[in-house]
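Here the structure is laid out as structure tokens; the discussion comes afterwards.
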Amino acid sequence: MYDYKTIEQKWQKYWQENETFKTDVWDFSKPKYYVLDMFPYPSGVGLHAGHVEGYTATDIVSRMKRMQGYNVLHPMGYDSFGLPAEQYAVQTGNHPSGFTEKNIKYFSEQLNTLGFDYDWSKMISTSDPKYYKWTQWIFKELYKDGYAKYIDMPVNWCEELGTVLSNDEVIDGKSERGGYPVIRKKMKQLCIDQPKFAERLLEGLNEIDWPESTKEMQAHWIGKSIGAHVKFKIDNHDLDFTVFTTRPDTLYGATYCVLAPEHEYVDIITTPDKKEEVLEYKKVCASKSDLERTELNKDKTGVFTGAYAINPVNDTKIPIYISDYVLASYGTGAIMAVPAHDERDYEFAKKFNIPIIQVLAKNFIGSGSSEVRSDKPMTERRVVNAIIKHPTEDKYLCVNNKKYNWIDFVMGGIEGKETPIEAAKREITEETGYTDFADLREMEFIYYDTFYAAHKDVNRHITCYTVVGKLKSLEQIAISKEEQDIADIKWIDKENLIDTLTNEAHKYSFSLLMKGEGAYTDDGTHINSDILNGLNKEEAINKMVAWLEERGLGSKKINYKFREWIFARQRYWGEPVPIVHLENGEDILLEDKELPLVLPELKDYKGHNGKAPLENAVEWKTYVTENGIKGVRETSTMPGSAGSSWYYLRYIDPNNDKEFCNQELAKHWLPVDLYMGGPEHAVGHLMYSRIWNNYLYDKGLSPVKEPFKKLVHQGMILGENGIKMGKRYPEFAIDPKDIAASYGADTLRLYEMFMGPIEDSKPWSSKGVEGAKKFVDRVWRFFTNMENITDNNDGSLDKAYHTMVKKVTNDFETLGFNTAISQFMVFVNVCYKTMKCPKVYAEGFIKMLSCVTPHLGEEIWEMYGHNNTIAYEPWPTYDEEKLVDDEVNIAISVNGKLRNTIKVALNTEEEVLKDLALKDEKVTKYLEGKEIVKTIIVPNKIINIVVK
RNA sequence: GCCUGUAUGGUGGAAUUGGUAGACACGAUGGACUCAAAAUCCAUUGGUAGCAAUACUGUGUCGGUUCGAGUCCGACUACAGGCACCA
């Protein structure tokens, strides 16, 4: 039996003593491969199953690459600034570094227990002054170049935690930690100007091999939208305000404007009679957190200011409202509202009874019931169609055109000065004889269609109004013989209507009626828009922007959702910011030689009255320049993501005290070839890292535009029942150390890799672990029994072995570990069938398997008489010729149904195959009395006989 | 509401460009070994009917393309993750 405890310890000790996995970064003789795991926060809880999954995956890849002759860099370190250490310090009065170091030690022990091939000589820890010296240094560069600066801006302030929180630390308006309420407050903040990077970050997404969903999330987060600024004059004031809109082409439909409640003009323009109401509304908004604002999302609120703006395209006076659906922080904090074509504006306009002007009409041209005939003239027509409900049943009035077999709503032209409703009544009575109408009204939207009207022999371009209503009774008058001949009356069920109707436009009108009318936000043809009439969306936008620019009323403008990254926290356990605020109001940076600026020891690590804990460090805080000017240090510290934004560079050259990373080394080792980590960092860490790298690249300090070439997210490991194990930390809480102790590290690694695709979430199964253990034992029993291992090769395992080598090599490359392992199992099953295996094959198998189960691999390798580590042995190769049998199974199907399989020689000619198939007893049964229409033959695969 | 995924046996999951659905494993059942159990080895295992050969059926639902669809197209449903008044 495999004694994993002794053997695993033996090899862990061996690797450590022999520095087996130490990477000589200056060895450029071999191609490089840089595999990186997202480094963990060293919590006292230690590793969880999710860590093990990701780390094992990269471990396997790094081991394979090493065997394939690459110089592999596979480092590990710790993102060691964080709240648990801070809280420990607050509670105990001890410096957090001791606590952190203890946890790091515990974590590292756990990692070693699992047999990972980390080069511990490259270990870094973000809270180590030797490391954060360079975090501070990069920050200084950002500050010098104007990317980091102080600006006055609204922030998420948490009273209970006494700190400013970043957007991703706020969940549903509550603090991520503790769930305390968070309010918005304006404060002077140290920020990093992220929007300056927006365009490059978007472009960079095209050149990296990342999961689509993650790239999309980042693009969405950056939130680029192309639109225009439009200037609105305020009536009776010598003032104007600017709005941002993506749809300047709908300006003719702008029937009101909205300012954010916080907008600077609100107090100026509000008329005296509205003052009280406006003030009250502003107060309500200010006291609301973001959570409450979004909760009230369903219902639009707002107040009229009493003031009017002038629509620049037609000089119409339109009311100015304030409402919290307009955010002060996006765009200009003011919008023009086009209720006909924006859902929010529509909702608001309905509630406040503001006019809705349609300026875009859906265009069915080309989808009409018949084609347009190019040889016939085009005529314009206004028409109406009528959606009329049955008086008692859930059915709608349709007419069936006998000649063409169309079924449509009653439809007809609008004559002279008729309103659409009058026209509808007349048409219905003419065509059906019904006269007794109720609740007739016009639907809000008109549309266009074009078709060839056979009865008049012309093409028709129609502007179509829709009238809806019902019949009060089925009272009927006689209709003309002519009408009777044309069409029959049909009452169609609501459910079948869409399928029954012939006309696309009628279908659309009906579905609109069913789901409720609302803003029309698709493309269409401009109407009611003077200079834009007849144009489509794109043409109209261009024309309108040009028109505005000519008159100085607006311009093209690109906007981003992406905002400044607030780069300061009122916490102790983070990198001190190397800035001093001088008495004379000047802010200065520390000199390079003053770095690292180290965190001081404190008696009290708690911040008081919302102040930063470093305010307690009276002596440390005080600063006097060489010229004798007094000042105080910045007492905020950097946010958690500062140190992790560049750590992949430091691993390459972790002990360099002259620069953050030797440039020659960086050039050789970057980018990271494979980066593995959880999807929860999609827009946090992975965005910040790209920003810092982007900046360093511009400065010539990073050799690559994008730091992480290929990114893979490992999925979540769920509890046995498939349920997440708690909200905050959803990973299934197993202590890998326990599992490693009771089953062995190799088994745990094998199991987690066999569970399923690396990126999927999958439930833990203790039965599955047993299964993995069974396989490890099975391998041990067979391959350590020398009676099974032969010196000569009789070729009986050729196919099984070479297939395995090919499959496993490909699968490891593409991170398909579950299928690679099943291929190992297939090979072992074949070995058990023959009860012998040539030594060369056994060694090849063990080499590959050693990536997953390194201890087992090393031990068997040693038993085979080797006195070196298996880690640098050349990767097995396969022979394509050995993969194919000289016989293949061919499926014979009749009309696509499998009827028999036959065994024939490889590459048997098609004619021969056909003969065999047609003679086959099981097949002929299905051919009797049928005519063979066709025979499809795919060589070495399948024959399909089509019969009639 | 929007975006992105996913949907295959009792379970986790396999299936090149469309070409024999269910690899591999877990579980279950039976057998060998054992005084017995565990471990191990061997066999069977999608469903329905049948002693059986075999037949029919089967990849979330409905429809389409095709000689042939888990795979491609269209509509829908459910679940998971993300975003959420972004003008």
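Every chain is numbered from 1 and lettered A, B, ... according to where its sequence line falls, protein lines coming before strand lines.
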pair Leu856(A)-Leu849(A): side-chain heavy atoms closer than 4.5 Å: yes
Taking only the side-chain nitrogens and oxygens of Arg781(A), find out if one of them lies under 4.0 Å from OP1 or OP2 of A39(B). no
Most 5' of Lys807(A) and Glu216(A) on RNA chain B, judged by nearest nucleotide: Glu216(A)
If the glycosidic angle sits within 90 degrees of zero it is syn, else anti. Tell me which applies to G9(B). syn
Short side-chain N/O contact from Lys774(A) to OP1 or OP2 of C26(B), under 4.0 Å: yes
Let me know the distance between CZ of Phe775(A) and P of U40(B), rounded to the nearest Å. 14 Å
Choosing from A87(B), G68(B), A21(B), which nucleotide comes nearest the side chain of Leu898(A)? A21(B)
OP1 or OP2 of U20(B) under 4.0 Å from side-chain N/O of Arg899(A): no
Rounded to whole Å, how long is the line connecting atom CD of Glu759(A) with atom P of G5(B)? 12 Å
So, does Lys934(A) get its side chain near the phosphate of C67(B), meaning an N or O under 4.0 Å from OP1 or OP2? yes
Reckon Asn940(A) has a side-chain N or O less than 4.0 Å from the OP1 or OP2 of G19(B)? no
OP1 or OP2 of A14(B) versus the side-chain N and O atoms of Asn818(A): is any pair under 4.0 Å? yes
Does a nitrogen or oxygen in the side chain of Lys897(A) sit under 4.0 Å from OP1 or OP2 of U57(B)? yes
Separation of atom CH2 in Trp221(A) from atom P in C3(B), rounded to whole Å: 19 Å
Quick check on contacts: within residues 224-232 of chain A, what sits under 4.0 Å from RNA chain B by heavy-atom distance? Ser225(A)
